[in-house]
Amino acid sequence: MLTSLFTGLRELFAFSSGVLLPIEPKTFELQEAFCFDCPPENNVPYLQHYAAFDPYARRDPGTLVLNQTVRLSDVASPEELDRSEFADFMPKVPYHHALAAVVGFDGEPLAAVSVHRRKGEKDFDRDEVAMLDRIAPHLGRAIAWRRREANQATFAKIGILVFGASGQLLFMNAVAQRLIPQGSAAAVLGVLPPAGSASLRLGCQRYRVNRLPWRAASLLTRFSLQETGDGLGDGNGQNGAASDHWAVAQRQGARLTIISLEPFRRREDIRRRLSHYGLSPRELEITAQSLLSGLTNAQLAQRCSISEDTVKSHLREAYRKIGASSRMELLVDLLGLDSQ
């Protein structure tokens, strides 16, 4: 698919190389790239170090517009690039001009795609920007559906929040903005223990709250660099100033609190196992909810808008077909546990 993508793009306009870096939705991190006509061995040094100085990756994610193409020359001037540590990386690809877009679907960033031209070639023009603009939304949709098909059971939208050293909210992604009432983000930070994860109920769904590490390849890099200045780096990548700049960035990253909100997944395997016992659709639904939710019969009746007697009738018939006499016995049988 990706080879065909870049080959097709090259039929529309010329470029020397291209890359597509998947974005991990749980961490906002760039992942190992698919490289088109450029050395794949650049993946490791880019992700472990140079991504933190990439002008594209350093943009504030709060202002990032998905599926919108941006020229490298519109993000950083040649003078800024020459002074930055990222200037050490560009000859490895090699490239001098670039077009890039963060493609996504339903407000979620899924991959960063870019195409390049070498030094001495002309910069990309507005028509070429418009071509990638038209392709980007379709690419985002295709990646989203491929992820869903490949991992349907675990596909879930992840909320991301970033808090500064003093507890101020710096960023919420689109998912977190939909989940958390305005002004309530501090409550998420409040449930997070010093170590490990916690749980939080938002509406009818319970979420696992995790603390995420900051890494160089994170799209949240910008927040770790805020106190190092607005430029792309101090020094030219050959002296101590650039190293000091990187050390400050790492320290700032360690002071950020990055939190993910991941919905607890329902045990769909229990539903599949129940389906083998010949239950009616209503018996299957009531029995599965009884096991998965932990609700009483009265609470199940209220949720399903039926009487408590009807719930009991469905459960009795389901237990009869399965050969169990209680909820606990049914769970032991379904999960293959030793009841002794």
Side-chain angles (χ1 to χ4, degrees), residues 23-30 56-68 70 75 101-112 136-137 140-141 143-144 147-148 154-215 217-228 230 249 252-266 293-295 299 302-303:
I23 296 171
E24 168 54 54
K26 292 183 181 180
T27 61
F28 260 40
E29 287 181 68
L30 296 167
Y56 285 120
R58 287 197 53 189
R59 289 177 295 169
D60 186 339
T63 61
L64 181 66
V65 179
L66 295 181
N67 305 319
Q68 183 177 85
V70 179
V75 177
V102 175
V103 301
F105 181 71
D106 196 22
E108 183 175 1
L110 298 172
R141 187 177 296 108
I143 293 173
R147 286 190 180 183
R148 283 187 173 97
T154 59
F155 186 89
K157 294 185 179 298
I158 308 298
I160 301 288
L161 302 93
V162 180
F163 294 89
S166 61
Q168 74 276 26
L169 178 67
L170 301 177
F171 171 72
M172 297 170 66
N173 72 342
V175 176
Q177 291 174 19
R178 290 197 296 265
L179 293 175
I180 300 171
Q182 189 171 6
S184 302
V188 180
L189 185 61
V191 303
L192 191 68
S197 62
S199 66
L200 177 69
R201 178 173 289 279
L202 296 170
C204 297
Q205 174 70 53
R206 186 170 291 277
Y207 291 83
R208 181 178 287 107
V209 183
N210 292 305
R211 188 190 307 268
L212 304 177
W214 175 86
R215 295 188 178 93
S218 174
L219 291 182
L220 305 172
T221 293
R222 177 66 181 170
F223 298 115
S224 71
L225 299 172
Q226 282 180 336
E227 294 184 16
T228 68
D230 292 332
Q252 289 302 112
R255 294 172 63 192
L256 295 175
T257 302
I258 306 173
I259 296 176
S260 70
L261 294 173
E262 183 177 1
F264 283 101
R265 295 191 294 269
R266 303 181 70 180
S293 67
L295 298 177
Q299 290 169 329
Q302 185 176 13
R303 172 181 285 189

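- Here the side chains of Val103 and Ile143 are in contact, with some heavy-atom distance below 4.5 Å.
- To the nearest 0.5 angstrom, Leu200 atom CG is 12.5 Å from Arg208 atom CZ.
- The backbone N or O of Ala112 lies less than 3.5 Å from no partner atom in the side chain of Tyr56, so there is not a single donor-acceptor pair.
- Residues Ile23 and Leu110 have side chains not in contact (no heavy-atom distance under 4.5 Å, counting atoms from C-beta outward).
- Remark: side-chain polar atoms of Ser260 are not paired, donor with acceptor, to backbone N or O of Glu262 under 3.5 angstrom.
- Between Thr257 and Val162 the shortest side-chain heavy-atom distance does not fall below 4.5 Å.
- Atoms CD1 and CG, on Ile258 and Leu161 in that order, are 11.0 Å from each other to the nearest 0.5 Å.
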Distance-only check: which donor-acceptor pairs under 3.5 Å involve side-chain atoms of residues 171-185, not counting sequence neighbours?
unit_1 : atom_1 : unit_2 : atom_2 : d
Asn173 : OD1    : Ile160 : N      : 2.9
Asn173 : OD1    : Ala176 : N      : 3.0
Asn173 : ND2    : Ile158 : O      : 3.0
Gln177 : NE2    : Met172 : O      : 2.9
Ser184 : OG     : Pro181 : O      : 3.4

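- Looking only at side-chain heavy atoms (C-beta outward), Pro109 and Phe28 come within less than 4.5 Å of each other.
- Between the side chain of Asn67 and the backbone N or O of Gly104, at least one donor-acceptor pair lies under 3.5 Å.
- At least one side-chain heavy atom of Ile259 sits less than 4.5 Å from a side-chain heavy atom of Val209.
- To the nearest 0.5 Å, the span separating OG on Ser199 from CG on Asn210 amounts to 11.0 Å.
- Residues Phe163 and Leu256 have side chains not in contact (no heavy-atom distance under 4.5 Å, counting atoms from C-beta outward).
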Can I get a per-line list of side-chain donor-acceptor pairs under 3.5 Å for residues 186-197, giving both atom names and the distance, sequence neighbours left out?
none

